[in-house]
Amino acid sequence: MANRVILAAGECLFRQGEDGKDGFIIVHGKVRITAVRHGEEKEIGVLGPGEMVGELAIIDGGPRTATATAIELTELSQVTDGQLAERIAKADPVVSLLIRQVIRHLRREIHDFALPLEQQPNPTMERMRLEGELAWAVDRQELELWYQPIVDLESHTVAGFEGLVRWRHPTRGLVSPAEFIPLAEESGLIVPIGTWVMQEGARALKHIDDTLADGQSRFMSVNVSGLQLDATGFLEEAQQAVHSANIAPERFHLEMTEGILIQSLRARETVIACENYGFGLFLDDFGTGYSSLAYLNELPFDALKIDHSFARKLDDDGHGLKLIRAIVGLATTLGHGVVMEGVESARQRDVFRAMGGRLAQGYLFSKPRPMPDLLQLMRSTHTLPWGAPIERRMPSMFPV
Ligand code: C2E
Ligand code: CA
Ligand code: CA
């Protein structure tokens, strides 16, 4: 509820130079605005019902730039900085930025005084800044794709890789996708970023083939967001990526979560078109979120990736373990493979293998690595003897 302020004729509402936080809307009456400029007091104007007084301070908390005095009996409705902050916070960030910027210029015009645009760190502005920088990241070649091996526990070989994007920010250093992918999804930037990831991933697989020249057929798996599958031209972009890199679509896998497929019919249609073209499909983060199982029969996934939060459950004999066993059984019966994510210990690997699981990914085998590190790892060992994870044989290569 806004406070009412009643002023008699000649009464002062606020004086120039005072600290001010509140603004006022004139309900009845008139207010004279005066200001001292170059040592001389001048009338700036007279405001009447429906107009606002003291709006500069309310927006940026700076000192009053003028004096306001009632000319006659005047009633005002007070607007606090809190009420305004709430409204600005709800406004579009661009509108909010515009208001602050205009106020800043206005203050500078009035008496060469400008508060810093942001006196305190503002999360909205911070996000906008990061979003702006992210928009440039692809063009400035600040994105990198790192690769994590996915290991075949039966043949003891590296079956393929998951491409995981990283942002090498000019001042922040390496930014994790957990931080910028949600921002990219909200802003739509995930579409051009995802296109780059597909091109880079396909190119990387060809580069691995050519460099290792060992005749092995490995796959590259990239993460795909719902927005990408909803956008026009996704299939063509994926085709273009494998075509330019000269790799078979069967060796290029698209990872998506079930939530994406539930939310959008168009996404499901795109996925079916991708499958028809020959791309591999991985159902990511299985066991979290929806897990409605509805799409397991409908879409021919090559494999379900059991979310890494489940890996810990392989360590005990509780319900978690039974659940993983059930998922492996279900997937196998329906003709899908299973990838166990987040395998960090030999025990987790062995328990998963014993229940019939074949593909595994996790720090036990390797963390995601940039291409030169990956090639170094792959050159040192093309096969993984049973019970000997890559790490154990290459301790020097692991980040401390
Ligand atoms: P995700 O698809 O589930 O990727 C697996 C994440 O688990 C990766 O984190 C990986 O580094 C991490 N991880 C792998 N092995 C282990 C392990 O043994 N233990 C633990 N604790 N973690 C492990 P990362 O690289 O930070 O990626 C996080 C998420 O960001 C990904 O989760 C994916 O959802 C998203 N993301 C990454 N790259 C892309 C991309 O190119 N496009 C899209 N749309 N999303 C991406
Ligand atoms: Ca993934
Ligand atoms: Ca995952």
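The basis for the numbers below is simple: all heavy atoms, side chains too, and nothing from hydrogens, waters or symmetry mates. Order of appearance sets the numbers: ligands from 1, and atoms from 1 within every ligand. Everything numeric here is computed off the predicted structure, so don't read it as measured data.
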Answer yes or no as to whether an N/O/S atom of Ser221 is found below 3.0 Å from the Ca ion (ligand 2). no
Glu133 and His169: side-chain donor and acceptor closer than 3.5 Å? yes
Those residues with a heavy-atom separation under 4.0 Å from ligand 1 are Gln148, Glu162, Leu164, Val165, Arg166, Pro177, Ile181, Ile190, Val197, Asn223, Ser225, Asp284, Asp285, His308, Glu341, Gly342, Val343, Glu344, Gly362, Tyr363, Pro368
Short N/O/S contact of Asp307 with the Ca ion (ligand 3) (below 3.0 Å): no
I'd like the atom name of the N/O/S atom in Asp284 lying closest to the Ca ion (ligand 2). OD2
Roughly, to 10 degrees, what angle do Glu341 atom OE2 and Asp285 atom OD1 form around the Ca ion (ligand 3)? 140°
Exam field: side chain Glu40 to backbone Arg37, donor-acceptor pair closer than 3.5 Å: no
Side chains of Glu185 and Ser225: any donor to acceptor distance under 3.5 Å? yes
Result of checking Ile262, Leu261, Leu229 against Arg268 for side chain to side chain contact (heavy atoms under 4.5 Å, CB included): Leu261
Gln141 atom CD, neighbour heavy-atom count above 12 within 6.0 Å: no
As a test of reading the structure, name the N/O/S atom of Glu255 that is nearest the Ca ion (ligand 2). OE1
Give a yes-or-no answer on whether the side chains of Ser155 and Asp152 include a donor-acceptor pair shorter than 3.5 Å. yes
Using distance alone, with no hydrogens and no angle criterion, decide if Glu237 and Thr195 have a side-chain donor and acceptor under 3.5 Å apart. yes
Measure the acute angle between the ring planes of Phe219 and His253, then classify it against the limits of 30° and 60° as parallel, tilted or perpendicular. parallel
Is the closest basic N to carboxylate O distance between Glu144 and Arg166 below 4.0 Å? no
Contact check: Glu162 to the Ca ion (ligand 2), N/O/S below 3.0 Å: yes
